[in-house]
Amino acid sequence: MSQVRVRFAPSPTGALHIGGIRTALYNYLIARQMSGTFILRIEDTDQGRFVPGAEEYIIESLRWAGILPDEGPGFGGEYGPYRQSERKDIYRQHALQMIESGAAYYAFDTPQALEQAREQAKAQGNHAFKYDALSRQQLSNSLTLGEEETRRRLDAGEPYVIRLKVNPGQDICVQDAVRGKVMFCSDELDDKILLKSDGMPTYHLANVVDDHLMRITHVVRGEEWLPSTAHHVLLYRALGWEDDMPAFAHLPLILKPDGKGKLSKRDGLRLGIPVFPIAWHGSTPEESFKGFREFGFLPQAMLNFLAFLGWNPGSEQEIFSLEELIAAFSLEQVSKSGARFDFDKARWFNQQYLHAADGASLAEWVRPIIVEHGFQPEQAQLTAFCELMKERVALLPEFWEKGAYFFTGVQTYDQPNVQKRWNATLKEGLQQLTTHLEMYWAEDATALKAAAEQFMQQHSLKPGEVFPLLRIALAGTMQGPDVFKMMQVLGCANSLARLRNAWEIFDTFASA
RNA sequence: GGCCCGUUCGUCUAGGGGUUAGGACGCAUCCCUUUCACGGAUGAAACACGGGUUCGAUUCCCGUACGGGCUACCA
C-alpha cells in the first residue's frame, strides 16, 4: 500500500474554531497510526477574506495542541509551496489543460450579468439559477461565442473565468469512509468556476490539483464539503486522475450547545464558553475571544474531548492519551450525525486530567496565574498547594478562585458562622490549643492532627466546635481542604499567626 | 424550492432482528467526612412517527416529520 498522506487545509480567514482543530486531530491521528505524513496546507485563494495573522494563529494553535504537521509552510516538505497563493501558475496550467481537452471553457459573464440572470430566474419561479448545460447556451462563453470571438476578447484583455463543463446524464458515486456510497447525478451540478477573474483558483480546482500533486491518500474534512465532492470527482476525471483519487471521509459538524445550527463564534460570546483553541485578538473587543487555553484547559484534555465529539472507540474507556487515540482511532467509528458541543463534558475531561497530574506539573501550569495576581510562591509550597487543591478544581484559574487565601491571607471571615459558634470558653480553649500546636508543631498533617486531637481530648473540646473555627481562622470560609493539610501548606509561622489573629477578630464579631 | 446527509436518555454515545436497550456528562438521593470537593452506591431519563418485510422489529426497506449541510468569481 502506498504511503499514507493526509492534509489539514484551513483557510486563513480568522481564528480557527474547534471544529477545525478536531479535523486536524483526526488527520493527525490517521497519519500517526499509519506511519504516514500529516500536511498543513494554507488555502488562501480568497484575497478578499484573507486576515493577517490567521496563518500564524493556526500554527500556534496546532503547536499548543501538540499536533504539528510534518510538512507545511515553515515545516519543509517535498511538495511545496504549501500556500495556495504561491501556486497560482500550477492551477492556471491545469485549467488551461482542461480547456484544451474540452473539459472546461472560458466565460465572460460579469457578476452583474449573472446577478441579473439569477433575479430573472427567481421572477420566473425558479429558486436557484444554475450555470449549467442549459443556461450556458444563453450566456457569454467560449462555447457560444466561437473560437474567434473568444480569442478576440481574451486578447483585448476582457475579464474572464474558466468554468468546468459538466455534461448531464452522468452518475457520480462517492465512496465515503463514514457514510458509505453517496450518489449524485451530474444533471444537478452547475458549471463550477475553476479559475476566478483575478487569476486565483477556486477551492475546487486548487483542492483537487493540490491533493493530487501532494499525493494525498485520504481527504478527511467537514461535512459541508460532501455536496461539492461530486464536482471534485468530475475534476479528477477530467484531469485523468480518477484512478488514484484519494479516499474521502466527511466528518459530522459540531453543533451549538443550545438551539439550532452549527457552532459559531457568536455562541462563545453568548454563552461564555470557548470555541477557539487559543485566544484570538480581533480588531475590536467584540471580535476578540478567549480560547480553551485561556479558560484553563490542558491541551490534552481539549483533544480528548474533541476526539469524542463524533467518534468513540466502542469501548467504555473515555480518557485517552494522544498515543492511545492514535492506536484506537478509526474512521469507521466516526458517527454520521452532528454532535452538540457540551461545555460541562469538556470541563469534566479537564478535571480528570487535573486530578491525574502530579503537583509539580500542576505547579508549572498554575504558577503564571498566581504570578498574575502578584505573588511569587516558593516551588515547594506551590506544589503542595496544587496537590491539595487539585481535587476541587476543573479549570486552571479555579486554583486561584478557590485558594487565593493561601497567598493573600484571609480577606474576609465567614462572620455568621463564627457568631454561631464563638464563645469565651471556646476562645480560651482555642488559644491554648494554638500554643499547644506551636509546641508540638509537626510538618506532617497527620502528626499535627494527632497533637491537636490529644489536646482536645484532654480539655474536653469537641471536634465539631473546634474544627469549623480553625477552618475559618485559616481560610475565612467553611469550605476547603483538610484543616491540618492547610496548616501544613501554610507552614508553622503563617498558620499560628492566622489562628491568633482570628481569635482576636472573632471577639469583635461576637460583640457586633 | 432543488440536491445531499442525518435522527437511541436533556447532551455525547454503545448496541443491534428476540437485550432488564449499556456507559459517560449533567441532575437527584444516600454513604464517606470537621466543611467543600474527590470517591462510592442508587435513582429518574431514550430507540421521531406511519407503513411494510418477518414468527418477531429499536435494528432491514419505503414514506412522513424534524434537524443539518450545500445551492457565490467563500472556503
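Just so it is clear: chains get the letters A, B, ... in the order the sequence lines come, proteins before strands, and each one is counted from 1. Computed from heavy atoms alone, side chains included, the values below leave out hydrogens, waters and symmetry copies. As the structure is a computational prediction, the values presented were derived from the model and not from experiment.
- Spacing between atom CG of A/Leu255 and atom P of B/C66 amounts to 18 Å, rounded to whole angstrom units.
- Put simply, CD1 on A/Ile42 is 13 Å from C1' on B/A75, counting in whole angstrom units.
- Using a 4.0 Å heavy-atom criterion, one finds that A/Pro257 contacts no nucleic acid atom at all.
- The listed nucleotides are B/U13, B/G69, B/G26; the one nearest the side chain of A/Lys262 is B/G69.
- Formation of a donor-acceptor pair under 3.5 Å by the A/Asn126 side chain with backbone atoms of A/Phe129 is not found in this model.
- Residues A/Arg392 and A/Gln479 bring no donor and acceptor atom of their side chains to less than 3.5 Å of each other.
- Closest to the side chain of A/Glu224, from the set B/C73, B/G69, B/U11, is B/G69.
- Atom P of nucleotide B/U35 and atom CG of A/Asp414 are separated by 15 Å, given to the nearest angstrom.
- Nucleotide B/C27 forms a pair with B/G43, judged by Watson-Crick or G-U wobble geometry with both contacts under 3.5 Å.
- Under 3.5 Å, the side chains of A/Ser264 and A/Arg270 contain no donor-acceptor pair of N or O atoms.
- Closest-nucleotide positions on RNA chain B for A/His204 and A/Asp190 were compared, and the one nearer the 5' end corresponds to A/Asp190.
- One P atom belongs to B/C27, the other to B/U64, and the distance between them is 41 Å to the nearest Å.
- Taking CD1 of A/Ile21 as the reference point, atom CG of A/Leu62 lies at 5.5 Å (rounded to 0.5 Å).
- A/Ala339 comes within 4.0 angstrom of sugar-phosphate atoms only, judged by non-hydrogen atoms across all strands, and of no base.
- Taking atom P on both B/A46 and B/G23, the two are 14 Å apart, rounded to the nearest angstrom.
- In this structure, the nucleotide among B/C12, B/C74, B/U35 sitting nearest to the side chain of A/Lys345 is B/C12.
- The phosphate of B/C70 (OP1 or OP2) has no side-chain N or O of A/Ser228 nearer than 4.0 angstrom.
- Within 4.0 Å (heavy atoms only), A/Phe341 reaches no atom of the nucleic acid at all.
- If you check every strand for non-hydrogen atoms under 4.0 Å, A/His355 touches sugar and phosphate atoms only.
- Shown here, B/U19 forms no base pair; nothing in the strands shown gives a Watson-Crick or G-U wobble contact with both key distances under 3.5 Å.
- The partner of B/A48 is B/U64, judged by Watson-Crick or G-U wobble contacts that both fall below 3.5 Å.
- You'll find that the side chain of A/Glu318 is closest to B/A24, out of B/C74, B/A24, B/U34.
- When Watson-Crick and G-U wobble pairs are counted only if both distances are under 3.5 Å, B/C70 pairs with B/G2.
- When heavy atoms are screened at a 4.0 angstrom cut-off, A/Arg49 is found touching base atoms of the nucleic acid.
- For A/Arg392 and B/C38, a side-chain-to-base donor-acceptor distance below 3.5 Å is absent, hydrogens and geometry of angles not being considered.
- For A/Asn312, taking side-chain heavy atoms from C-beta onward, the closest of the listed nucleotides B/A14, B/U11, B/A75 is B/A14.
- On the C1' atoms, B/C12 is 16 Å away from B/C47, given to the nearest whole Å.
- In this structure, the nucleotide among B/G67, B/C73, B/C70 sitting nearest to the side chain of A/Lys260 is B/G67.
- Atom CG of A/Asn350 and atom P of B/C25 are 15 Å apart (whole Å).
- If you check every strand for non-hydrogen atoms under 4.0 Å, A/Gly480 touches a base.
- Nucleic acid contact class of A/Thr45 (heavy atoms, under 4.0 Å, all strands): sugar-phosphate only.
- Looking at A/Arg471, its side chain comes within 3.5 Å of the base of B/U35 through a donor and an acceptor atom.
- When heavy atoms are screened at a 4.0 angstrom cut-off, A/Asp109 is found touching base atoms of the nucleic acid.
- Centroid-to-centroid, the aromatic rings of A/Phe8 and A/Tyr26 stay 6.0 Å apart or farther.
- In a base pair of the Watson-Crick type (N1 to N3 plus N6-O4 or O6-N4) or a G-U wobble (N1-O2 and O6-N3), with each distance short of 3.5 Å, B/U59 is matched with no nucleotide.
- Between A/Lys196 and B/C74, a side-chain N or O to OP1/OP2 separation shorter than 4.0 Å is present.
- Here the separation of B/G26 from B/A44, taken at their C1' atoms, is 13 Å to the nearest Å.
- Counting non-hydrogen atoms under 4.0 angstrom, A/Ser335 reaches the backbone sugars and phosphates but no base.
- Separation of the P atoms belonging to B/C5 and B/C55 is 32 Å when rounded to the nearest angstrom.
- Relative to the side chain of A/Pro468, the nucleotides B/C74, B/C5, B/U34 differ in distance, and B/U34 lies closest.
- Between the C1' atoms of B/U71 and B/C61, the separation comes to 30 Å (whole Å).
- Distance check, rounded to the nearest 0.5 Å: CG of A/Leu195 to CD1 of A/Ile162 gives 5.0 Å.
- Under the Watson-Crick or G-U wobble criterion, with both distances below 3.5 Å, B/C9 has no partner in any strand shown.
- No contact: A/Gly125 has no heavy atom under 4.0 Å from any strand.
- Using modelled atom types, one side-chain atom of A/Thr202 and one backbone atom of A/Ile193 make a donor-acceptor pair closer than 3.5 Å.
- Comparing B/C30 with B/A37, their P atoms sit 13 Å apart, to the nearest whole Å.
- When heavy atoms are screened at a 4.0 angstrom cut-off, A/Val483 is found touching base atoms of the nucleic acid.
- The 12-atom threshold is not exceeded at CD of A/Gln457, counting heavy atoms of other residues, nucleotides or ligands nearer than 6.0 Å.
- Among the atoms of the strands shown, only primed sugar atoms or phosphate atoms (P, OP1, OP2) are found under 4.0 Å from some heavy atom of A/Gly261.
- Here B/G68 is the nucleotide among B/A72, B/U11, B/G68 with the atom lying nearest to any side-chain atom of A/Glu223.
- Between A/Lys485 and the phosphate of B/C38, there is no side-chain N or O to OP1/OP2 separation shorter than 4.0 Å.
- Aromatic ring centres of A/Phe341 and A/Phe305: separated by under 6.0 Å.
- Picking from B/C73, B/U34, B/C5 the nucleotide with the shortest atom distance to the side chain of A/Ser197 gives B/C73.
- For the 3.5 Å distance criterion, the side chains of A/Tyr91 and A/Asp210 qualify, holding a donor opposite an acceptor.
- For A/Asp344, taking side-chain heavy atoms from C-beta onward, the closest of the listed nucleotides B/C25, B/A75, B/C73 is B/C25.
- Using a 4.0 Å heavy-atom distance criterion, A/Phe308 is classed as a sugar-phosphate-only contact.
- Taking atom C1' in both B/U11 and B/U20, the straight-line distance is 24 Å, to the nearest Å.
- Using a 4.0 Å heavy-atom distance criterion, A/Pro463 is classed as making no nucleic acid contact.
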